[in-house]
Amino acid sequence: MTNIEIPPDADADRRRALVQEHLEIGDIVEVRSDERTEDHETDVTGELTSFEPGYLEIDGKPLDEGSVRYDEIHTVGKIEST
């Protein structure tokens, strides 16, 4: 799995650019909002379906149903590519 860590001082536009550089629509991803620890579970896992202006769309779901705002992403990892 390929992980990228988003710098905490990056604004939403920079976060979006970093994610777009490393991922493609159709990738299966894990998104975490905090540093990974042994007891920290994956926040969101699913198929990347869109790079929206304010959030990363996962499994075609709207923001309030499972997608993730860019400013909440700490790390994102590609589990598998299509």
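Computed from a predicted structure; not experimentally measured.
Rounded to the nearest 0.5 angstrom, I58 CD1 and E30 CD are separated by 11.0 Å. A distance of 9.0 Å separates CG of D59 from OG1 of T45, quoted to the nearest 0.5 Å. Atom OG1 of T49 and atom CD of E57 lie 3.5 Å apart (nearest 0.5 Å). For the atom pair CG of N3 and NE2 of H74, the computed distance is 10.5 Å after rounding to the nearest 0.5 Å. To the nearest 0.5 Å, atom CZ of residue R32 and atom OG1 of residue T75 are 6.0 Å apart.
Remark: D71 engages R69 in a side chain to side chain donor-acceptor pair (under 3.5 Å) (not counting sequence neighbours). Listed by chain and number, the residues in a side chain to side chain donor-acceptor pair (under 3.5 Å) with E52 are S50 (sequence neighbours excluded).
Heavy-atom minimum distance, V29 versus V76: CB-CG2, 4.2 Å. Closest heavy-atom contact between L23 and F51: O-CZ, 3.7 Å.
For the pair R15 (side chain) and P8 (backbone), a donor-acceptor distance under 3.5 Å is present. Counting only distance, with no hydrogens or angles, the side chain of Y70 and the backbone of Y55 share a donor-acceptor pair below 3.5 Å.
Between K78 and the choices I4, L48, D27, the side chain to side chain contact (heavy atoms under 4.5 Å, CB included) rule is met once, by D27.
Taking 4.5 Å as the limit, some side-chain heavy atom of I73 sits within range of a side-chain heavy atom of V31. Looking at heavy atoms from C-beta onward, I6 lies in side-chain contact with V19 at the 4.5 angstrom threshold.
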